[in-house]
Amino acid sequence: MIWTSFLHAACLTLCAPPLQDAVVVEQPQEPEAPKAQPAVAPVVPVVPAADLRLHAERVYTGTGEILKNALIEVRDGKISSVRPGRSAPEGVLQVKAVTAGMIDLSARLHSNFNSVEQSTEVQPHLDVAGSVDLHDKRFARLARTGVTTVLVNPLDRNVIGGRGVALKTHGPMEVEARRLNGRPILRGAIGSEPSAANHAAFGRPTDFYSRRPTTRMGVEWEWRKAFFDAVAAKRLPEKDFPGAEDLREALAGKRTVMIQAWTTQDIRTAVYLDEEMQREGFGDLDLVIDAGAEAWKEPGILVRNSTIVVLPPHTAGGRVGSDGAFLAWNTASLLVGEGLTVCLSAHGAGPGSATLGHQAGFAMRGGLSFDQALAAVTSAPASVLGLSERLGTVHEGMDADLALWNGRPFAATSRVTGVLIDGVIVVDPR
Amino acid sequence: MIQQSTRLLQRIAQTHLALTLGLLGCSFLLSAQAEAGEKYAVRAGIVHTLAGEAIPNGVIVIEGGRITAVGSADDVKIPWDAEVLDVPHLEAYPGFVEAHTSSGMDRPNESVSVAPFLNVRDSIDPVAFYFEDCLRSGITTVNVQQGNACIIGAVGMVVKPHGMTVEEMLVRPRAGLKISAAPKSGMSRATQAQTLRGAFTGLRLHLEDLVQQKRTGNDFSRREALYQGRDLAGERGKGRAMMSKGWTVEGLELVPRGEVDEKQEPLLDLVEGRVPAWIYCGAPMDVRLALEIASDNGFLERTILVLDDSCWKAADLIAEAGVSVVLDSTLVRTEMDPKTEEEEEVFIPGVFKDKGIPFALSSRNSTTESLWFQAAMCVAHGFTRAEALAAVTTTPANILGLEGEVGCLCPGAAGNVLLTSGDPLSVTSFVEYVVIDGNLVYDRSVDIRTQHLLEGVVPEGTESHAEEPEVEEDTRKKAGDEGGSR
Amino acid sequence: MHTNALLLASLAFVASAPTSASSSEGDALAIRAEKLHVGDGTVIENGIVVFEAGVITEVGKGAPVPKGVVLIEHAGHLSAGLIALREHAGAVGESNDSTRAVMDEADLSYAYRPNHSEVQGLLAEGITTFVLAPRPGSLVGGLCAVAKTGSEVISRRAYLSICTGANGLTSNRFPTSLQGSQAELERRFSWPRGVFATAVKGELPVMLDGGSSRTEVQHAIAFARRHGLKGILVGSTRLGEMAAKIRAAGLGVALSSYSPSTGRRVVEGAVALAEMQVPFGFALGSPNNHPANLRLTAAACIRGGLKSGEALKALTSTAARLAGVGDKVGSIQVGLAADMVLWSGEPTDPGSRVMAVYVDGDEVFRAEDDENGDDK
Amino acid sequence: MQVGSDLTIPEGARLIEGDVVCAGFMDPWGSLGMNAAAVVDMGTNAATRATDGVDPYIDPWYRNRALAAGVTAVRVQAGMASVRGGVGAVLSTAPAADLESMILLRDSNAAAGLGLSSRGKAPDVFARIGAVDKLVGDINSGRDYSIVHAKYAREMEAWNKAIAEAEAKLEKDFKKAKKDRDKEIAEAKEDDKEFKEEKYKEDKLLKRPKLPKQDVEDAVMARVASGELPLVVTIHRAAEMRELLKGTAKFKRLRLVIAGGTEAEAVADQLAARSIPVIVRPIPLGANRPDEYSGHDLALAGRLADAGVRVLLGSSGGGSADLPLLATLAIGHGLDRDKALAALTTEVARTFDLSGELGSLRPGRRADLLVLDGEPLLPTTTVRYVLSGGRVLISPDSQD
């Protein structure tokens with residue numbers, strides 16, 4: 001089976017004709033349709049036709065319920081109605097199952113070393129959006145696997161890499177046009193990556209990699225120093241520096257701070273950092289641990305701090321990431337059991353067997369329930385992005401970002417056969 | 001009996017574990033071997049024979065390692081003296097068959113380009129974690145062949161992933177000769193092809209030379225006898241005439257086979273069709289060479305192609321030649337149109353299915369891409385369950401010439417049974433027990449590695465070990481950096 | 001063959017009055033060519049061009065040839081000298097300094113060596129004017145100069161050279177990232193001083209190297225619009241794909257040199273730009289590219305559907321206008337410098353030879369007599 | 001079938017109208033259709049086959065581009081920069097799924113490379129001259145090889161005869177010999193002595209001549225020495241070319257072809273005298289070109305042609321689709337238009353023994369031809385139709 005990545009043509013032909021038959025065919029067999037549209041003025045008897053309609057045997061809304069034989073209507077990129085218990089009208093797109101489009105908070109779609117400003121190790125003010133390449137085929141590939149929204153972050157070569165940007169995986173080819181303005185994210189890392197390229201000044205004083213941390217201690221110290229300086233600069237304007245404001249906003253909880261920390265020791269460090277800020281009365285970080293593979297070892301500290309965790313992909317041997325962290329397959333269910341918010345991610349792996357959908361399946365192999373798994377790839381990440389109003393669940397008014405499945409979602413024996421993003425058919429299941 | 005061994009094994013395991021660095025030991029290895037005639041029976045909730053309808057509440061009777069009876073508990077009587085594994089909550093399936101792998105050897109490749117005289121027997125490591133993992137994911141038959149980086153490689157063998165010695169593991173020796181149509185490093189396709197053909201020309205010249213020597217000798221003694229007026233005692237050939245669908249060397253019967261260079265022998269076996277050939281193709285263009293070599297030298301019927309995922313483009317050629325194939329573990333391939341720069345995804349097993357080419361799936365030896373997962377991917381892409389399961393059981397069995405011996409639960413077949421908590425293609429079900437030749441060889445309840453992976457259970461004393469290797473490496477890297485600086 | 005015969009005749013004629021081969025001392029020269037390409041697309045059959053003191057004084061079919069003025073008959077085509085946008089010839093190893101990211105006041109005219117062999121090589125291919133630009137490697141590489149081949153610099157502030165894309169980055173000085181370089185450039189242009197101020201006022205055009213990828217080019221265009229910059233885009237083979245955007249931004253384009261690997265995009269780009277009426281010329285980038293590449297690129301575009309008239313304009317008048325020297329060179333018009341090439345055939349056909357080249361009225365190149373005219 | 005101005009078009013034949021018709025262009029020095037690794041392989045030897053490096057599965061689009069430019073055939077080589085390139089082949093550029101229909105000639109030539117830079121480094125000067133002698137040596141051993149094998153054939157003949165006679169005689173004398181033997185045994189019995197068989201000696205005439213060593217590389221070089229295969233030598237420097245010409249002078253039947261020949265002007269007279277064709281690469285090379293190309297000049301083709309040397313034009317693997325365009329550069333730098341056209345058609349066919357098949361419009365030739373709307377080799381001329389093997393593969397309404 002062969003399908004191409006771009007289907008504008010397909011979607012256009014699809015948006016056009018249904019307009020008519022929607023009006024003609026739809027009206028008689030759906031008497032209550034007008035009631036469903038109170039907003040429509042009585043002078044206009046005809047309901048504006050949907051741009052697109054599709055019928056699913058099962059719609060997993062993401063709010064715990066499963067709608068059987070539901071008819072989903074899409075109008076100007078939004079879901080205009082979801083009505084269960086309908087028979088599929090003629091010529092309407094039919095699928096087995098529908099979930100909200102999946103969201104990957106660690107999609108790693110940055111353009112590598114061009115995406116992190118290494119001249120100094122703390123760059124809270126730089127926005128990765130400037131280096132995102134929307135023509136990168138990886139966006140389309142992710143879209144094909146049902147991932148409709150991604151958070152792109154700077155590469156982990158900096159202690160504080162800068163602002164991440166949330167994007168749909170399909171849409172206009174300009175970042176600013178595609179950017180999702182939810183909750184701002186400040187992304188950095190703890191562990192070996194930020195210091196990987198660095199060395200002490202002796203011998204090679206000419207390059208600036210000699211000015212940067214070469215140890216975990218150093219990395220951790222840079223974090224604390226950055227926040228202390230930012231607070232100090234508040235009082236002493238002459239001490240102000242680019243990004244100080246971003247850091248203060250983070251302390252004020254206006255920005256989410258996303259820290260990559262694979263191993264227990266690094267997760268601990270991140271949480272301690274947050275708690276130190278609280279003790280110092282600087283503020284309370286809204287902390288998200290990215291790639292928190294070993295979160296299962298000390299869930300306690302995470303609970304204590306109600307930290308959100310983004311998990312890296314499950315591997316056969318459990319080993320994952322450059323710090324040799326070990327991810328137990330029951331981590332997600334364990335943390336959820338502890339009442340923590342957990343998001344799954346492919347962390348740049350795949351496509352192939354390591355897609356986000358498969359990760360949800362593997363988490364279920366580790367004991368996560370279906371609903372929890374669904375949340376971990378849709379509503380949970382949506383809330384981290386502060387976009388719960390638009391993304392992560394399937395109901396009226398939400399963005400028409402849908403993953404269309406040919407069987408039970410996340411089962412190894414089914415897959416995403418169709419994808420809608422903002423109401424546009426990006427992958428046509430037919 | 002199981003309980004006992006279990007407890008004991010757990011104790012062994014603990015100590016064993018303390019020793020292993022990082023990777024946790026194989027605690028579940030239950031090393032009882034079937035005495036001939038020893039009886040074993042399995043009673044399961046459902047028995048999927050893959051050779052007919054599924055049998056609810058079914059019974060499998062195994063005697064002397066072979067299945068003697070399969071059927072509903074009502075029809076099939078369990079011998080009174082049989083050891084019984086009674087698991088009504090589980091489903092029984094035949095063990096999966098890995099049609100071709102280079103895992104399980106200490107090193108899969110040999111630097112010598114043409115080395116048909118080698119045998120993987122000498123490289124297989126019975127305690128390799130690969131074999132352990134096979135049991136976890138339900139693989140009970142493995143065809144171990146040399147890696148793809150060769151021209152003519154070693155003789156491979158079929159084993160079961162259980163046993164303390166290669167002899168114990170052995171299912172079938174001389175399971176074929178490995179050949180690669182794709183260039184090994186330092187060569188290009190042109191030079192690879194040249195060397196490959198050269199190997200067979202070499203064999204032919206060698207044989208012709210042997211025959212020539214014999215002839216010269218015989219002729220002389222004939223003349224001598226004539227001269228001396230002796231009646232010549234009929235000089236008959238001590239060897240066997242050469243049988244081959246390709247080329248033959250006249251008068252090879254004159255040469256006792258023992259005189260054939262032992263380094264050349266396996267190649268002669270191949271040409272005479274006594275062993276199958278496993279030919280690796282790294283690109284569609286290699287398929288042509290592979291088929292040419294096979295038919296020119298008369299072993300096309302006994303050829304199996306081991307394909308890189310790019311080879312789907314040569315499917316027509318393969319279908320025409322009527323050979324079977326083993327597919328790469330990458331099932332969906334992305335091709336890019338050089339003009340439009342747009343990507344297309346090709347589901348490879350689909351291509352081969354449509355062309356009617358018998359194909360076996362191969363695992364990437366990992367939980368996330370083992371045979372059950374590969375089969376599941378096929379279902380996700382529109383295969384029926386039967387088609388998908390066939391590609392990891394009966395088809396590979398046929399390809400290996402083990403039809404009816406493995407890959408199905410039918411009388412006469414080896415007693416290889418998986419007992420799964422549910423549909424083996426489901427991400428949420430597990431292989432609970434594995435029976436090979438009527439021996440219980442895997443029991444998940446005592447598989448500490450799986451527990452560690454799935455539940456993060458870390459037995460005492462192994463925690464630090466489990467961490468160290470990578471972390472150490474890590475700090476060492478750093479230390480190096482600082483070292484440079486101090 | 002009679003072409004060459006005639007040509008030889010004319011040569012003899014010139015030889016008889018050697019000093020007259022140079023019009024600098026004031027005595028005029030006139031050339032009549034079978035086809036005279038003015039540069040605005042019009043072609044004059046048997047057109048005559050008269051020039052004196054390096055400047056064209058008369059052009060036309062019946063242009064009056066003053067008494068005593070030598071009239072050179074050229075059985076072939078005559079066009080203005082070709083112009084290469086973005087050249088590095090004659091600035092050996094001094095055309096960029098990657099140690100600093102921003103070198104706003106660097107002036108390429110100081111690096112120009114008129115007599116360098118690289119420069120002479122350009123003449124043999126009929127290139128009489130070129131824009132000497134810094135090699136990519138810095139965010140702001142400096143000021144590009146317009147130089148006459150083997151002669152003086154005629155404009156020292158043709159462009160301010162800017163790399164908005166990845167090729168302005170290096171791994172061991174600020175910036176190492178695209179967002180870093182964007183932040184820096186924003187800073188420079190949002191509170192502009194010096195050349196940046198002039199550029200923002202639109203008085204100093206920019207040469208924007210967006211880098212190769214479509215996204216980088218998009219950024220470059222957006223950057224130019226944001227700050228109301230005028231000038232040309234260079235560097236990417238994908239510029240044609242964004243013809244509409246480029247036009248909207250009121251920018252011009254210098255197309256990269258043709259090469260078998262990237263050629264297709266360059267060609268399609270040229271056609272697209274021509275359709276969108278985006279003014280474009282050709283970059284050469286010698287010495288790393290052979291000077292012949294300039295005409296080869298044009299020819300490739302013609303083979304790909306570009307009108308050969310369009311191609312010639314891109315090689316001459318349009319290029320001159322884009323380089324801000326349209327009032328000095330680029331077409332055969334009264335008052336402009338007498339920079340001319342005598343061709344054996346169509347100027348845009350790589351198959352026609354450069355018979356002679358004039359810069360400021362001086363004959364600076366003359367093809368050695370070729371035999372293959374005779375042995376026919 | 002037929003060519004002419006007054007032909008009757010047979011029934012049902014499709015008539016294609018066009019101003020100019022010419023034979024399809026041939027790239028005598030290309031790589032289109034080859035697997036990249038095979039082309040750059042440095043480990044090839046005289047017997048490596050180009051046909052083993054052909055990849056029929058490359059996207060047809062690449063070949064269509066060449067076709068659209070009018071290039072209908074390419075001579076390819078495994079190991080283009082290798083010391084011994086092996087047996088070259090001529091491929092059709094017409095897209096095809098199977099190898100057989102791509103191959104026009106499976107052994108067009110043998111090949112060697114002398115003094116070529118690999119990874120930007122040129123071999124040192126002594127090694128370079130040594131390499132030339134080595135090549136000459138190989139041609140020599142090729143010649144000896146065929147001599148030795150011919151000798152063997154004769155010896156075998158003689159031997160078979162000798163054996164036949166000897167055996168006939170033995171057969172004849174057998175009865176007597178048997179009688180004598182029985183007699184001797186009897187005598188031995190009487191005076192109970194032990195019976196001894198009479199010693200049988202054979203004179204060395206009856207010794208089977210030894211089969212000379214089989215060597216595939218020598219076998220190819222033998223074909224080269226005998227002039228059966230042209231030998232394409234990629235060589236650039238004058239010094240090496242002189243050495244090569246000197247060394248190969250003694251092989252009267254050798255058919256040398258020079259590829260590259262950057263400094264060939266220095267030996268132009270010899271090349272002309274021995275009618276050795278030179279495949280010139282008319283591509284504009286910039287400053288950072290390999291050492292052997294340092295003397296590169298677009299005027300080379302023209303100058304050689306003027307000196308009476310047979311000139312071919314080749315892409316050197318840089319992209320056959322661009323060859324016609326590049327050819328115009330050669331024209332612009334002094335190569336006569338007609339000679340340029342010949343350099344892409346008839347000369348190629350002649351050099352690689354394809355004249356009976358390709359390169360010209362004569363009855364009986366393979367129908368690889370172009371229909372143009374103007375003179376060939378003008379940028380303004382577009383190729384309207386391309387026929388390969390009589391099939392119309394490119395027409396105005398086909399895109400790419």
Side-chain angles (χ1 to χ4, degrees), chain B residues 181-198 201-202 204-205 208-209 212-213 215-217 219-232 282-289 291-293 310-317 320 335-341, chain D residues 34-45 47-59 61-62 64-65 77-79 82 86-87 97-99 163 166-167 169-182 184 197-202 206-208 211 214 216 399-400:
Chain B
K184 71 177 277 178
S185 66
M187 296 202 129
S188 80
R189 300 204 137 73
T191 36
Q192 180 89 2
Q194 188 180 7
T195 328
L196 200 42
R197 288 203 196 85
T201 327
R204 190 200 209 121
L205 291 175
E208 283 171 352
D209 185 44
Q212 189 47 252
Q213 287 171 17
R215 283 236 169 91
T216 323
D219 294 355
F220 178 84
S221 31
R222 210 177 103 259
R223 291 196 296 274
E224 185 178 42
L226 281 169
Y227 174 81
Q228 295 168 339
R230 256 180 311 126
D231 295 305
L232 188 63
M285 69 180 283
D286 299 342
V287 171
R288 201 199 80 252
L289 175 65
L291 296 174
E292 176 205 306
I293 292 288
S310 64
C311 295
W312 68 274
K313 286 182 173 167
D316 287 327
L317 218 56
E320 208 177 297
E335 301 277 357
M336 205 227 268
D337 180 325
K339 179 158 176 268
T340 62
E341 293 178 350
Chain D
M34 290 291 282
N35 166 276
V39 171
V40 299
D41 188 349
M42 299 303 283
T44 54
N45 64 30
T48 309
R49 301 185 203 163
T51 49
D52 283 331
V54 179
D55 182 357
Y57 297 95
I58 56 169
D59 195 295
W61 178 74
Y62 293 103
N64 277 326
R65 283 188 65 209
Q77 192 74 71
S82 172
V87 180
D98 66 315
L99 184 67
I163 283 287
E167 295 196 337
K169 185 173 180 307
L170 287 167
E171 300 274 3
K172 200 160 113 293
D173 304 348
F174 179 62
K175 281 204 173 57
K176 180 175 177 301
K178 192 168 173 29
K179 212 180 271 125
D180 298 353
R181 182 166 179 274
D182 298 344
E184 280 166 28
E197 290 282 4
E198 193 175 350
K199 195 105 190 58
Y200 173 70
K201 277 213 249 53
E202 257 179 7
L206 296 182
K207 188 151 175 15
R208 195 175 198 284
L211 175 73
Q214 305 280 343
V216 282
Q399 43 273 99
D400 273 346

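Keep in mind that what you see is a predicted model, and the values were worked out from it rather than measured. Naming: A, B, ... by sequence-line order, numbering from 1 per chain. Because only heavy atoms are used, hydrogens play no part in the values below, and waters and symmetry mates are left out as well, while side chains stay in.
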**Fill in**
side chain to side chain donor-acceptor pair (under 3.5 Å) test vs B:T191 passes for just one of D:N45, D:T44, D:T48, D:D41, namely D:D41
**Smallest separation among heavy atoms of B:Y227 and D:E198, with atom names** = OH-OE2, 3.1 Å
**Request:** Taking all non-hydrogen atoms of both residues into account, name the closest pair between B:S188 and D:A37 and its distance.
**Result:** CB-O, 3.6 Å
How many angstroms lie between [atom1] in [X] and [atom2] in [Y], if you round to the nearest 0.5 Å?
X: B:R204; Y: D:Q214; atom1: CZ; atom2: CD; result: 11.5 Å
X: B:D286; Y: D:D55; atom1: CG; atom2: CG; result: 8.5 Å
X: B:L226; Y: D:K169; atom1: CG; atom2: NZ; result: 11.5 Å

**Asked** At a heavy-atom separation under 4.5 Å, does B:Q212 approach chain D through its side chain, its backbone, both, or neither?
**Response** side chain
**Message:** Please classify the contact of B:A283 with chain D as side chain, backbone, both or neither, using a heavy-atom distance under 4.5 Å.
**Reply:** neither
Tell me, for [X] versus chain B, whether the close heavy atoms (under 4.5 Å) come from the side chain, the backbone, both or neither.
X: D:D173; result: neither
X: D:K201; result: neither
X: D:V54; result: backbone
X: D:A47; result: both
X: D:L211; result: neither

**Message:** Between D:F174, D:Y62, D:Y57, who has the most heavy-atom pairs with chain B when the cutoff is under 4.5 Å?
**Reply:** D:Y57
**Residue list, salt bridge (Lys or Arg N to Asp or Glu O under 4.0 Å) with B:K184, at least two apart or on another chain** = none
**Asked** Who pairs with D:E167 by salt bridge (Lys or Arg N to Asp or Glu O under 4.0 Å), at least two apart in sequence or on another chain?
**Response** B:R222, B:R223
**Item:** Among B:E335, B:E224, B:Q194, B:M187, residue most engaged with chain D (heavy-atom pairs, under 4.5 Å)
**Value:** B:Q194
**Message:** Counting only heavy atoms from other residues, nucleotides and ligands, does the tally under 6.0 Å from CD of B:E320 exceed 12?
**Reply:** no
**Prompt:** Does the side chain of B:R230 reach to within under 4.5 Å of the side chain of D:K178, using non-hydrogen atoms?
**Reply:** no
**Asked** Heavy atoms, side chains only, cut-off 4.5 Å: are D:R49 and B:R197 in contact?
**Response** yes
**Prompt:** Would you say the side chains of B:Q192 and D:D52 form a donor-acceptor pair under 3.5 Å?
**Reply:** no
